[in-house]
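To keep things clear, I will list the structure first and then write my remarks on it.
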Number of protein chains: 2
Amino acid sequence: MSDPTVLLRNHGVPVTAQRIAVLNAVTKLPHSTADTIAEEVRASIGAISKQAVYDALATLTSKGIIRRIQPAGSPALFETRVGDNHHHIICRTCGTTADVDCAVGERPCLSAADNSGFKIDEAEVIFWGTCPDCLASS
Amino acid sequence: MSDPTVLLRNHGVPVTAQRIAVLNAVTKLPHSTADTIAEEVRASIGAISKQAVYDALATLTSKGIIRRIQPAGSPALFETRVGDNHHHIICRTCGTTADVDCAVGERPCLSAADNSGFKIDEAEVIFWGTCPDCLASS
DNA sequence: TCAAGATCTGGACTGAGTCAAGAAAAAGAT
DNA sequence: ATCTTTTTCTTGACTCAGTCCAGATCTTGA
């Protein structure tokens, strides 16, 4: 990833130490919860409020710098891999989350036979199953 | 839907007034939250505890009598349409949720080019967009 | 350097769901 | 119809994930 300061400025986002730390934490720990990111930031810069973490995540997401997903039964997860409409595969047993390339590479990558008059802008796909580790121990 | 008492017995679920009322509420109001279902049950049988609603929903879901989905940013939603792996289309503006037939009709209906060693049992697809009503008023 | 606006802090609060003890009800046997 | 056992329901407390808000602090641009 390029310099986070440059990345933020290029997206019109004022640069703060908290935002840089949050972005670095998401880069280091893809598919993490806000709480995990907060802990990583605290280890990195010493202190940050929960509100600042949520605000930074919301701003970075709205500017397209990071991506927010929220699989069923999970809190929100964040990642820096953006722009390719990749999907995810999640283990039902341990929650491990991995990326899956999108065959199309952009939204929407599927069409609905009958879209009920909706204008579709995204087909969110999540593959659910069991990861190799949990398969091995069952 | 067949007689709810028969449906419950056929699935090995003891019949209680609360479970029947919850099942009827989900039938009447597909894609509803637990809270909406509780309100409908209270209108129907007079009183039910939140715990009983959550318990009934969990039991009915585990027996495959109803289906639980949880789109990003939403509480859990419940519906009685089961067994056909249909997908959903959701309006980003007002939250309206509609069913979309699955082209395959069973799980998993998509495969991942690279499944990272996972054994996949479901490809959850959610179409996001704008519904006709929200399109018309924008 | 300064002022204006944005952001952060700290703590209170909300919504969705879970936990647990005791009361009530369902099922099955008699 | 009755009884016993097990399950379910009720009630209230609790947790987790996220939001709200007032005041302090910081960033940006002049």
Side-chain angles (χ1 to χ4, degrees), chain A residues 4-23 25-26 29 31-42 44-63 65-66 68-78 95 97, chain B residues 4-23 25-26 29 31-42 44-63 65-66 68-78 95 97:
Chain A
T5 303
V6 172
L7 188 59
L8 292 174
R9 286 207 170 95
N10 283 355
H11 282 85
V13 177
V15 176
T16 68
Q18 290 85 352
R19 284 179 176 150
I20 292 182
V22 165
L23 182 49
V26 177
L29 306 169
H31 311 128
S32 291
T33 65
D35 204 51
T36 299
I37 289 162
E39 285 165 20
E40 174 64 26
V41 168
R42 290 190 184 106
S44 157
I45 64 170
I48 187 170
S49 70
K50 176 164 74 173
Q51 187 58 55
V53 174
Y54 278 94
D55 281 344
L57 290 171
T59 296
L60 296 172
T61 301
S62 73
K63 298 293 188 180
I65 297 171
I66 65 175
R68 176 185 194 279
I69 65 172
Q70 187 174 13
S74 170
L77 305 176
F78 298 89
T97 303
Chain B
T5 303
V6 173
L7 190 59
L8 291 174
R9 287 207 170 99
N10 284 354
H11 283 83
V13 177
V15 177
T16 69
Q18 291 85 353
R19 283 179 177 151
I20 293 182
V22 165
L23 182 50
V26 177
L29 304 170
H31 311 126
S32 291
T33 64
D35 203 49
T36 299
I37 289 161
E39 285 164 21
E40 173 64 26
V41 169
R42 289 188 185 108
S44 156
I45 63 170
I48 187 170
S49 69
K50 176 167 72 172
Q51 186 57 54
V53 174
Y54 277 93
D55 280 345
L57 291 171
T59 296
L60 296 173
T61 300
S62 74
K63 297 294 185 178
I65 297 170
I66 65 174
R68 176 185 194 280
I69 65 172
Q70 187 174 15
S74 171
L77 305 177
F78 298 89
T97 302

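Since this is a predicted model, take the numbers as computed values, not measurements. In what follows, every chain begins at residue 1, and chains take the letters A, B, ... in the order their sequences are listed.
- For A:Ile20 and C:dC8, the CD1 to C1' distance is 15 Å, given to the nearest whole Å.
- Residue A:Leu8 comes nearest to A:Val15 through the heavy atom pair CB-CG2, 4.0 Å, listed as atom of the first residue, atom of the second, then distance.
- Side chain of A:Ser62 to main chain of A:Thr59: a donor-acceptor pair is present (N/O by atom type, distance under 3.5 Å, no hydrogens or angles).
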**Request:** Summarise protein proximity over nucleotides 24-30 of chain D in one line of letters, 5' to 3': B for base, S for sugar-phosphate only, - for none, counting protein heavy atoms closer than 4.0 Å.
**Result:** ---SS--
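- Closest heavy-atom contact between B:Pro4 and B:Ile20: CG-CG2, 4.1 Å.
- One can place CG of A:Leu77 at 14 Å from C1' of D:dG18, the figure rounded to the nearest angstrom.
- C:dA24 atom P lies 17 Å from atom CD1 of B:Ile45, rounded to whole Å.
- Residues B:Ala56 and B:Val22 approach most closely at CB-CG2, 4.0 Å, considering heavy atoms.
- Side-chain N or O atoms of A:Thr61 include one that pairs as donor or acceptor with a backbone N or O of A:Leu57 at under 3.5 Å.
- Considering all non-hydrogen atoms of both residues, B:Pro75 and B:Thr33 come closest at CG-CG2, 3.6 Å.
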With 3.5 Å as the limit, what N/O pairs link the protein to nucleotides 17-21 of chain C?
from: C:dG17; atom 1: OP1; to: B:Ala76; atom 2: N; distance (Å): 3.0
from: C:dG17; atom 1: OP2; to: B:Tyr54; atom 2: OH; distance (Å): 3.0
from: C:dG17; atom 1: N7; to: B:Lys50; atom 2: NZ; distance (Å): 3.4
from: C:dG17; atom 1: O6; to: B:Lys50; atom 2: NZ; distance (Å): 3.2
from: C:dC19; atom 1: N4; to: B:Gln51; atom 2: OE1; distance (Å): 2.2

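- In this structure, CG of B:Leu60 is placed 11 Å from P of D:dT8, rounded to the nearest angstrom.
- Rounded to the nearest 0.5 angstrom, A:Leu23 CG and A:Leu60 CG are separated by 5.5 Å.
- Following rounding to the nearest Å, B:Asp55 (CG) and C:dA16 (C1') show an atom-to-atom distance of 15 Å.
- The backbone N or O of A:Pro14 lies less than 3.5 Å from a partner atom in the side chain of A:Arg19, making a donor-acceptor pair.
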